[in-house]
Structure formats: structure tokens, C-alpha cells
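Just so we're on the same page: letters track the sequence lines, and every chain starts at 1. Values reported hereafter were calculated over all heavy atoms of this structure, with side chains retained and with hydrogens, waters and symmetry mates removed.
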2 protein chains.
Amino acid sequence: MGRHREFDLEKVLDAVLCVFWRKGYEGTSYADLTEAAGVERPALYSAFGNKEALFRQALARYDERYLGYIPEALQLPTARQVAAHILHKAVDLNTRYPDHPGCLGINGALAGSDEAEPVRRALIDFRAAGQAQLRERFERAKDEGDLPQAAKPDALAAFVMAVTHGIAVQAKAGFSRDMLEAVAEQALSAWPAGSSAPSGASS
Amino acid sequence: MGRHREFDLEKVLDAVLCVFWRKGYEGTSYADLTEAAGVERPALYSAFGNKEALFRQALARYDERYLGYIPEALQLPTARQVAAHILHKAVDLNTRYPDHPGCLGINGALAGSDEAEPVRRALIDFRAAGQAQLRERFERAKDEGDLPQAAKPDALAAFVMAVTHGIAVQAKAGFSRDMLEAVAEQALSAWPAGSSAPSGASS
DNA sequence: GTTTTTCCATAACGGCCGTTACTAAACCAC
DNA sequence: GTGGTTTAGTAACGGCCGTTATGGAAAAAC
């Protein structure tokens with residue numbers, strides 16, 4: 001039934017993802033995308049739909065390829081370890097690729113024209129989902145005595161996310177990995193102590 | 001000699017500033033600007049120069065009109081008070097105007113097309129200048145014993161800025177003021193204690 | 001081998017971008 | 001009042017945007 005596709009869908013999506021990561025959603029043009037992917041415009045349209053659909057698929061791939069450390073972190077025994085794991089992995093992710101520093105969720109769309117509002121909304125929801133996972137994990141920690149009864153899981157989750165976002169902003173500004181590690185360490189130095197740690201030592 | 005300007009330069013700049021604040025640099029078009037300012041395009045060009053020059057003047061006005069709390073904070077007696085003042089005022093600034101939440105420095109340009117790189121650079125320098133002020137202030141605090149000898153002023157300054165940036169990102173995502181206050185408080189809860197506080201109680 | 005279906009690529013679409021001639025109007029100096 | 005000068009507003013510029021119609025090449029079906 002007809003001609004075969006001549007390019008690798010995943011490779012193209014990876015190339016597209018890197019461009020979005022570096023230039024944001026609105027800052028990326030189809031000229032950028034075709035150059036990076038080695039595929040002409042109509043092929044991108046037929047394979048992924050329009051620009052917004054393409055970005056959403058790139059975001060999903062970003063999640064599965066680069067954000068695996070979050071579910072990883074959520075399974076650690078103590079809340080502090082969860083936070084530490086997320087913060088340090090975020091530092092690493094934000095500085096690992098000099099060609100596209102920072103993270104897609106922050107770089108992609110903070111401000112921009114009205115037309116891109118749905119995409120910004122998608123990114124906000126994306127971050128909110130991660131934060132909700134974190135909050136639930138901290139609620140469990142509170143039940144387990146790993147966080148003190150006075151701890152506010154939603155505030156702690158928001159704090160960890162805020163530091164993560166701040167790190168992303170600074171990574172995009174060119175901060176060194178060491179400096180970002182120091183930021184993460186400082187954020188952790190005030191972590192509330194619970195009455196009992198379920199298992200393992202702190203990271 | 002010649003015709004008089006029919007509009008108030010400062011009012012126009014304020015209107016322009018609010019648009020940039022809300023939509024970022026690249027996301028703002030001259031159609032947006034003329035509508036908000038009530039002034040036609042050529043008038044903006046003759047009064048402020050091109051779009052980049054206009055943005056830079058808006059940024060300067062943002063500094064003098066909304067970031068006065070930073071020099072204010074730098075004069076407080078203890079480093080912790082400095083950090084607390086900045087964090088809480090940042091929360092306030094980021095949530096005070098529902099029409100343009102977040103802060104101009106973050107909203108303005110995190111990612112975008114290559115053409116806007118000079119503007120992004122200007123914003124990065126802008127933030128770096130603030131961070132350098134903070135670092136110098138913390139170095140003084142270390143000399144005064146207000147911060148422990150082991151404290152790293154540059155890391156502390158980067159941390160305060162990171163939390164500030166994270167708060168800006170979250171404000172733009174619609175977080176409540178209370179939640180952002182909780183984030184700021186959590187950031188402060190780990191503040192390193194010095195051997196002596198020069199004067200006054202902690203905020 | 002012909003037909004049919006699918007994909008690739010050139011090229012073009014209308015629309016908005018930032019920027020600027022150009023013309024008319026308003027003001028000062030004389 | 002007249003001339004010189006600065007501003008205001010209309011309208012247009014070339015260029016890039018995201019998107020798509022179109023025609024030819026390639027592979028499967030018969």
C-alpha cells in the first residue's frame with residue numbers, strides 16, 4: 001500500500017525536541033525544524049500534525065527520555081532523599097547539554113504572544129502534574145513520620161519545584177554546574193527533620 | 001521650535017512596560033504596543049528608537065519603579081533579613097498585578113528566536129548585576145560574623161536568586177500568594193546562623 | 001506491467017512582523 | 001502672516017511566519 005516513510009520518526013522527533021529545548025516554542029521556526037531534522041515541512045506536517053501538535057509530542061518524548069529521574073526519586077525511602085534526588089538530577093539535566101541548557105518546561109514558554117497560550121497552558125499543566133506527584137509523596141512521608149506533623153507537603157513540593165525552576169533559569173543564563181549544585185545544597189540544608197527515617201541514610 | 005509632543009513620555013513607557021511584562025519581548029508586537037500606549041508606531045520610533053531600545057528603556061523603568069526593594073534590602077542589618085526582605089517582596093511583586101503576573105526579568109526572555117539574543121543577554125546581565133550586589137552584601141555579612149565563616153556568599157546569593165526565579169515562574173503559572181509565601185518561608189528556614197547578629201531581630 | 005496508494009519536495013499562499021517614506025498638521029521665530 | 005521645524009498618522013515596504021496545494025517519484029497490489 002504505497003510508498004514507505006524514508007526517515008526515522010523517533011530520530012526526527014529527537015531533533016525537533018532539541019530545537020524546541022534551545023529556542024522555545026515560539027522561537028522555533030519551521031526553517032529551524034527542517035534544518036535540524038533533515039526533513040521538509042510537509043513531511044513534518046503529515047507525520048506529526050501542526051506546530052502545536054509537534055511540540056506536544058516533543059514534550060511527551062522529553063518526559064520519557066529525560067525526566068525519568070522523577071518517578072525514580074518518588075520511590076526513595078525519605079522525603080529528603082526524594083527532594084535531593086530531584087534537585088541534583090535537575091542540576092545535571094540543566095547543564096548536561098551545552099547546546100540547549102536549562103529545561104524544556106521552562107525554556108519552552110514563559111511569556112509570548114497570545115496565539116501560543118495553549119502551549120504555555122500545556123507546560124503549566126505539565127509542571128503542575130509533577131508538583132502534584134511530589135506533594136502526594138510528601139503527604140505519604142508525613143504519614144510515615146519521615147516529615148514532621150507540622151510540615152506542609154504542598155508548600156514543600158512548591159518549594160522544591162521553585163528551586164528547580166530557578167536552577168533552570170540560571171542554567172539558561174550560563175551558570176556553572178558547581179554553582180547550581182551549591183544552590184541545590186542550600187535548598188536542602190533546611191529540610192525539615194522527621195521523627196523517624198523509614199530506611200537508608202540521607203543522600 | 002516645531003510642534004509639541006502630544007503624549008506623556010512616561011505614561012507611554014509605563015504602558016509599554018506593562019505589555020512587555022505580560023507578553024515578553026518577542027511576544028509583544030507593535031500592534032499590542034500602539035493599542036496599549038494610544039500612540040501610533042512612528043511616534044514610538046521617534047521617541048524611543050526601535051523595539052529593542054524601547055524594551056531596554058522599559059527595563060530601566062521597571063528597575064526604578066518596581067525593584068526598589070532590592071537596594072532597600074541590601075541595607076538591612078543581617079544577611080537573613082536581606083534574603084527575607086528580597087524573597088517576600090519578590091512574592092509581592094510577582095502577585096500584585098493579576099494582569100501581568102511574574103516578573104519582567106523572567107517573563108521577558110527565557111527562550112526565543114536568535115534575533116532576540118541581545119535582549120536575552122541584557123536580561124541575563126540585569127539579573128547577574130542584582131546577584132552580584134547580593135553576593136557582596138553576603139561577603140560583608142561574613143566579615144561581620146552575621147554569616148558563619150563556612151558560608152559561601154556566592155552560593156547563597158545564587159540560591160536566593162534561584163528561589164526568586166522559581167517564584168516568578170510559579171507566579172506566571174497562577175500560583176496563589178499564600179503558596180508563594182510558603183515557598184519563600186521554606187527557603188529561609190535553612191538560613192545559616194552566624195555567631196553574632198549586628199543588630200535588630202530577624203524579620 | 002499497470003494501477004493505486006503513499007510519500008517527498010518545490011513552491012506558493014495569506015498574514016503578520018518590525019520598520020520607514022511620505023503627507024498633513026501644529027507650533028515657534030521673525 | 002510667513003518660513004522653518006518638529007510631530008502625527010496613513011500607508012506601504014520587504015521579509016519571515018505557519019500552512020498547504022500541486023506534481024512527480026517510489027512502492028505495494030493485482
Colleague: Take atom CZ of Arg41(B) and atom P of dA21(C), then tell me their distance rounded to the nearest Å.
Modeller: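 Distance, rounded to whole Å: 16 Å.
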Colleague: Can you name the side chain to side chain contact (heavy atoms under 4.5 Å, CB included) partners of Asp92(A), sequence neighbours left out?
Modeller: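 So Asp92(A) forms a side chain to side chain contact (heavy atoms under 4.5 Å, CB included) with Arg96(A), Arg177(A).
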Colleague: Can you find a side chain N or O atom of His4(B) that sits less than 4.0 Å from OP1 or OP2 on dC28(C)?
Modeller: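 For His4(B), the contact criterion (side-chain N or O under 4.0 Å from OP1 or OP2 of dC28(C)) is met.
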Colleague: Give every residue pair that meets the salt bridge (charged side-chain N to carboxylate O under 4.0 Å, His left out) criterion with at least one member in residues 20-38 of chain A, sequence neighbours excluded.
Modeller: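 Output for this query lists Lys23(A)-Asp32(A), Lys23(A)-Asp114(B).
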Colleague: Could you state the atom-to-atom distance from CZ of Phe55(A) to C1' of dG18(D) in whole Å?
Modeller: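 Checked: the CZ to C1' distance equals 16 Å.
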Colleague: Quick one: salt bridge (charged side-chain N to carboxylate O under 4.0 Å, His left out) pairs with a partner in residues 123-139 of chain B, sequence neighbours left out?
Modeller: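 Residue pairs with at least one partner in residues 123-139 of chain B: Arg135(B)-Glu139(B).
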Colleague: Check the interface with nucleotides 23-25 of chain D: list each N/O to N/O pair with the protein under 3.5 Å, or write none.
Modeller:
{"unit_1": "dA25(D)", "atom_1": "N3", "unit_2": "Arg3(A)", "atom_2": "NH1", "d": "3.1"}

Colleague: Excluding sequence neighbours, so at least two apart, what forms side chain to side chain contact (heavy atoms under 4.5 Å, CB included) with Ala31(A)?
Modeller: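 Applying side chain to side chain contact (heavy atoms under 4.5 Å, CB included) to Ala31(A) gives Ser29(A).
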Colleague: Quick one: Phe7(B) CZ to dC27(C) P, roughly how many Å, whole number?
Modeller: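 Checked: the CZ to P distance equals 15 Å.
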Colleague: Residues two or more places apart in sequence or in another chain: which of them pass side chain to side chain donor-acceptor pair (under 3.5 Å) with Tyr66(B)?
Modeller: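 Listed in chain order: nothing, the list is empty.
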Colleague: Angle class for the Tyr30(B)/Tyr45(B) ring planes (parallel below 30°, perpendicular above 60°, tilted otherwise)?
Modeller: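 Tyr30(B) and Tyr45(B): parallel rings.
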Colleague: Counting only non-hydrogen atoms, which of residues 42-51 of chain A are less than 4.0 Å from DNA chain C?
Modeller: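 Output list: Pro42(A), Ala43(A).
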Colleague: Looking at residues at least two apart in the chain, or sitting in another chain, which of them share a side chain to side chain donor-acceptor pair (under 3.5 Å) with Glu181(A)?
Modeller: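 Residues passing side chain to side chain donor-acceptor pair (under 3.5 Å) with Glu181(A): His88(A).
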Colleague: Side chains of residues 49-56 of chain A: which donor-acceptor partners sit under 3.5 Å, not counting sequence neighbours?
Modeller:
{"unit_1": "Asn50(A)", "atom_1": "OD1", "unit_2": "Glu52(A)", "atom_2": "N", "d": "3.3"}
{"unit_1": "Asn50(A)", "atom_1": "OD1", "unit_2": "Ala53(A)", "atom_2": "N", "d": "3.1"}
{"unit_1": "Lys51(A)", "atom_1": "NZ", "unit_2": "Tyr25(A)", "atom_2": "O", "d": "3.0"}
{"unit_1": "Lys51(A)", "atom_1": "NZ", "unit_2": "Thr28(A)", "atom_2": "O", "d": "2.6"}
{"unit_1": "Glu52(A)", "atom_1": "OE2", "unit_2": "Arg56(A)", "atom_2": "NE", "d": "3.3"}
{"unit_1": "Glu52(A)", "atom_1": "OE2", "unit_2": "Arg56(A)", "atom_2": "NH2", "d": "2.9"}

Colleague: Which whole-number value in Å describes the distance from Leu54(B) CG to dT19(C) C1'?
Modeller: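 Between C1' of dT19(C) and CG of Leu54(B): 13 Å.
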Colleague: Can you name the salt bridge (Lys or Arg N to Asp or Glu O under 4.0 Å) partners of Arg61(B), sequence neighbours left out?
Modeller: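 So Arg61(B) forms a salt bridge (Lys or Arg N to Asp or Glu O under 4.0 Å) with Glu10(B), Asp14(B), Glu64(B).
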Colleague: Heavy-atom contacts under 4.0 Å between residues 9-39 of chain A and DNA chain C, which residues?
Modeller: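 Output list: empty, so none.
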Colleague: Could you tell me how far apart Glu115(B) (CD) and dC16(D) (C1') are, to the nearest whole angstrom?
Modeller: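 Checked: the CD to C1' distance equals 9 Å.
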Colleague: Give the rounded distance in Å between these two atoms: CD of Glu52(A) and C1' of dC17(D).
Modeller: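 Atom-to-atom, Glu52(A) to dC17(D), this comes out as 16 Å.
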Colleague: Parallel, tilted or perpendicular: which one describes the rings of Trp21(A) and His100(A), with boundaries at 30° and 60°?
Modeller: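 Tilted, since the angle between the ring planes falls between 30° and 60°.
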Colleague: Under the rule for salt bridge (Lys or Arg N to Asp or Glu O under 4.0 Å), what residues qualify as partners of Arg41(B), not counting sequence neighbours?
Modeller: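 With sequence neighbours excluded, Arg41(B) shows a salt bridge (Lys or Arg N to Asp or Glu O under 4.0 Å) to no residue whatsoever.
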